[in-house]
Amino acid sequence: VTGPAVRVVIADDSPVFLEAAVEVVTATPGFELVGTARSGEAAVELAADARPDLVLMDVRMPGLGGVGAARAIRSAQPEVVVAMLTADSTIPGEAETFPAMKKEALNARTLTDFWRTNGSR
Amino acid sequence: MSAAMVYVAAARKAVRRSLRTRVRAAARAPHLFEVGLLVGVYYGSAKLGYVLNFAGPVAAIVWLPVGVAIAFLSIRGLALWPGVLIGDLLANDYSALPVGAALGQTCGNMLEVLVAAVLLRRLMQRGSPLRSIAGVGAMLAALAVGTLVSAIVGPVSLALAGVVKASSFFEVARTWWLGDFCGALVLVPLAIAWSPFPRRLPPRRRLLEGALLLAVVALLGEITAHSGEPLSYLIFPALIWAAVRFGARGATTAVAAAVTMAVWATTHYEGPFAFDSISHSVESTQLFIAVAAVSSLCLAALVAEREAFARRFGESRAQLLDVAERERHRIERNLHDGAQQRLLALGVRLHLAADRADGAPDWVPATLAEAERELVLAVDELRQLSRGTHPTILTKLGLADAIRTVAARSTIPVTVLELPTDRKDETAEAVAYYLTVEGIANAIRHSEATSIQVRAISEAGTLRISVVDDGIGTAVEGPGTGLGGLRERVEAAGGTFTLTSRPGLGTTIAAVLPTT
């Protein structure tokens, strides 16, 4: 990955997983963490402020939920890539429009690969 | 004035006002109409009593007016008492009795009706007394006590007037009491059972059965009356039929019909209770009436108690399953949000550690990779576990997609023949889903089947679900088995469960579930 670092926002209601994900993103060369959110609503707000390139979004969150937040972000900022983080083996039907990533598979290599496949640059 | 005095004055005023309203309400036309009706029915039943009465003014087998009066006052209100008084004064046979004795008798009748009606009204505040053995017992006691009043006051006033000799006083009092008690015993429960009168006709089959029952009662009554043999017990199977199949209404109606026939036969010197001695005839008939009525009422009360118990049992079972379902939901959520997230984070950190282990001895990244693999397996197991506790998949995808997912995971090919397109209510969907999961799992474990067919149809307020396999067909359900548990769930949701399993013909597990 060359050029400026990919700006990443992570949204997850589980603080334990959020911490681990923050560490992965920080440790991956070419990626820069610009913020974290604990709910879908907070993620939408943060995305508008922090102008990320990539949002890692937990599917299952209370309130708006991951899918609702992903839709809101994409409609306001179509250039942002949203990846759905899934903890379950099945993805809800309405989440299928977004590229998905299994939570246990989140690491430097998969993150880089994901951006190479889905990134806009 | 102190606050307390103001309060007391206000309360007094309110009591006066409520009394005035009550008096005014009591004077309204419907009340007058009911009093008139009571007078008419009371007088008519008294005349009927005289017709069916072959031993002078005191020896009626069944004195119906007392039943009429107690029924009216206990069901429609004590305010109807003038109807009893007027009816009784009109019905008195002044040609056979001195006026004083007749008036004394009327006072006794009035008091009898009031005592019984007051007791019954207190009893009926707690619901129909016919629905429990305790209620029937209390009702019988109220009727016995009430009728005892008249059986004492009446003969005393007759004795004072010299109409009844002191020597035969007790015999007169006993016959009086039994006659009044039998009249009340037949009519009061009948009125309570049919009040309020059902507005809708029962289904055709019930009507036909009811008509058949009455015909059988009439036939048996006829046979009993004319056979010349002492066949008084012949009517009891029909009375049992009435109580078991038609509850209090059936029991009281059948008893009324049987009593009518028995009294008619006896007063026409026929049937099993016609003896040379009139008092013997009267007593045997009264005994028959009391036994038939009391045993029918008790049987009907037992049937009602059993039905109430079954209903409560069903409700509490549904409640328990509901609680279990919510508990499963809670455990699943906790597993997902707690342990599962922690394990996922741990896996991510293990991988991170392996990435950072550049330059460490070879065994370090190898061990970390091994630990990560183990962890992924653990996470998978946890997923299986939480899927078993509550179908998250169902809430997320709906029944059709959830079934498709289960079908796709099966190791025996599953053909999904039909699925509902719309979302059904949660309970029905959950039960249908469990049936599919359990049915397919059962087929995989035990059936040696080569194919499975799943079909879910939703139509007209029901959801039909079936899982059919072509295996060896030896499935049995028993307590503690998956299939037994399935039946519990289906029936608790108000559905019907069927298991068909024949050797060589495969197994069909099916349920019909009500939906809202």
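The sequence lines fix the lettering, A, B, ..., with proteins before strands; numbering per chain opens at 1. Predicted model only: the values in this text are computed from it and were never measured.
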> Contact part of B:L352 toward chain A, heavy-atom cut-off under 4.5 Å: side chain, backbone, both or neither?
Replying inline: side chain
> Taking every heavy-atom pair that is under 4.5 Å apart, which of A:V16, A:N107, A:L18 has the most such pairs with chain B?
Replying inline: A:N107
>> Which heavy atom of B:A511 sits nearest to which heavy atom of B:L435, and what is that distance?
In response: CB-CD1, 3.7 Å
>> Ignoring hydrogens, what is the shortest heavy-atom contact between B:N442 and B:L483? Give both atom names and the distance.
In response: ND2-CD1, 3.6 Å
> Between A:E23 and B:R356, does at least one N-O distance fall below 4.0 Å, as a salt bridge requires?
Replying inline: yes
>> With a 4.5 angstrom heavy-atom cut-off, is it the side chain or the backbone of B:V376 that approaches chain A, or both, or neither?
In response: side chain
>> Minimum heavy-atom separation for B:G473 and B:T507, please, with both atom names.
In response: CA-OG1, 3.4 Å
